[in-house]
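What follows is one structure encoded as C-alpha cells, with my remarks underneath.
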Amino acid sequence: MLRYMKSLINKIVHKLFKRKQQVKLGLYGPPNGGKTTLANKICQDWLGEDLGIASNIPHETREIQIKEQITIKKDRKELTFNLVDTPGIATKIDYEDFMKAGLSESESKKRAKEATKGVIDAIKWLDEMDAVVVVLDGTKDPYTQVNITIVGNLQARNTPVLIVANKSDLRRANVKRIQNAFPQYEVLGISAKTGKNIEKLYSSLFEIAG
Amino acid sequence: MLTLQYVPYKEIEHLSSLGRIRKLLNLAKENKIVLLQGRLTKEEEAEIIKATMEEINADFKGIELTVISPTNEKEGIGKLKEGLISMLLGDRQGMTIIGPATIVKEIKRDPDKIQLYMTEPKSKRKKSSKKYK
C-alpha cells in the first residue's frame, strides 16, 4: 500500500513538472498564411531541420504536426517548447479549388476530405495550447470571420496570443490594418520566408510562452 | 430564387448550443441565407465550423459566416450605455449571417455596410461528379 502511494505521488509530481517543461506553442490561422513556413524557419534556426512541407496550394498541412523540445536562446535566457503546426482553419472546402490548382480529381477529393478532418482537429487542439502565434497573411483582409473566431476563442480560453502579419516583405502587405483589426494584441510584421523580424518574434515568444 | 430566412433570437434562445448549430446549419444546407438576430458565442462559432466540416461533401461545400457585433464605444457615457445594453440584451445584440458556400462566395464587412458576393450561377460552372466519399 505504502509502495503504491509512493509510486502514485511520484507519478503526479513527474506529470506536473513534465507539463510545466513542455509548453505547447501552437501556430494557428487560415490556410496559406504561412504557418508551416514559419514552423520550418523556427525549426531550421534552432534544430537545423524542417517540420513539414509548405506549398502554395491551400490545405497542404492536413494533420497536426509537432516538433518537440525546441529550445530558443536570447540574452542568456532559454525557452523550451513543443511547436504545434496546425491545419489552416476554414469554413468551406471545395475540391474543385484544388483541381484549379492543378491536382487531379481524385487527388482533389482526397485532399478535401483530409482537409475537413484537419480543420476539426485544429479546433479540438485549441484547448491543448499554452500559447499561440496566430499567423495571418499580411497582404490579405484581416476582417474575416475565421480570424475573428480563432482570436475570440483564444481570448475566451485566456490563452496568451501573439499575432504575426506574415509576408510583410511583400509591397502590398499592410501590418497596420491587421493591428487595427486586433487592437487588443501585439501585431508583429514578419516574413517567415526571408527571416524579416524573426529575432523580434523570438523575443516576443519569451513574453507569451516564457 | 434566393431565399433569405430571418431567425429571431427567441427561436434559438431555448436551444442548447448543439441545437442552435444544427438549426442554423440545416437552414444553410437548404440553400437559404440565414439572418440571425443576435450572435453565437465564440465557442459556438468554433463548433459551427467543426459541424460544417463534418458535413462537407460534393453538394455541400461549407458556409460563409459573419457575425456583426455592435460598435464598441471605448470611453465615457457611450461605454456605460453600451455596458448596460449588453447586460440587458446579452447575445441578442448584433446579427449573424450564414450562407451556403455554393451560393455565397464571400461576405465582406465594412463599418457601414455588408457585402455578399455571390457565386456564379451553376449553369456557367463546369459539371462534376457527385460524391467524393
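So that the names make sense, note that chain A is the first sequence line, chain B the second, and so on, each numbered from 1.
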Would you give the length of the straight line joining atom [atom1] of [X] to atom [atom2] of [Y], rounded to the nearest 0.5 angstrom?
| X | Y | atom1 | atom2 | result |
| --- | --- | --- | --- | --- |
| B:Glu44 | A:Asn153 | CD | CG | 10.5 Å |
| A:Thr144 | B:Glu64 | OG1 | CD | 9.0 Å |
| B:Glu47 | A:Ile120 | CD | CD1 | 10.0 Å |
| B:Arg109 | A:Asp141 | CZ | CG | 9.0 Å |
| A:Asp94 | B:Thr102 | CG | OG1 | 9.0 Å |
| A:Asp121 | B:Lys50 | CG | NZ | 9.5 Å |

**Request:** Please assess A:Lys113 against B:Ile56 for the test side chain to side chain contact (heavy atoms under 4.5 Å, CB included), listing each intermediate value before the final yes or no.
**Result:** CA-CA 8 Å; A:Lys113 201 160 173 48; B:Ile56 282 182; over 6 Å; no
Between B:Val67, B:Thr41, B:Ile48, B:Ile107, which residue shows the highest count of heavy-atom pairs closer than 4.5 Å to chain A?
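Of B:Val67, B:Thr41, B:Ile48, B:Ile107, B:Val67 has the most heavy-atom pairs under 4.5 Å with chain A.
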Where is the tightest heavy-atom contact between B:Met53 and A:Lys92, given as atom of each residue plus distance?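 The pair with the smallest heavy-atom distance is CE-N, 3.8 Å.
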Which heavy atom of B:Glu43 sits nearest to which heavy atom of A:Ala156, and what is that distance?
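Taking B:Glu43 first and A:Ala156 second, the nearest heavy atoms are OE2-CB, 3.5 Å.
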Is A:Thr149 close to B:Ile49 at the side-chain level, that is, under 4.5 Å between some pair of heavy atoms?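 SC-SC contact between B:Ile49 and A:Thr149 confirmed.
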Within the 4.5 Å heavy-atom criterion, are B:Ile63 and A:Gln145 side-chain neighbours or not?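 The answer is no; the side chains never approach within 4.5 Å.
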Assess whether atom [atom1] of [X] is packed by more than 12 heavy atoms of other residues, nucleotides or ligands within 6.0 Å.
| X | atom1 | value |
| --- | --- | --- |
| A:Glu63 | CD | no |
| A:Lys176 | NZ | no |
| A:Asp127 | CG | yes |

Given that the side chain runs from C-beta out, which part of B:Glu54 has a heavy atom under 4.5 Å from chain A: side chain, backbone, both or neither?
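Both parts, backbone and side chain.
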Proximity breakdown for B:Thr66 and chain A, heavy-atom pairs closer than 4.5 Å:
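For B:Thr66, the contact with chain A is made by backbone and side chain together.
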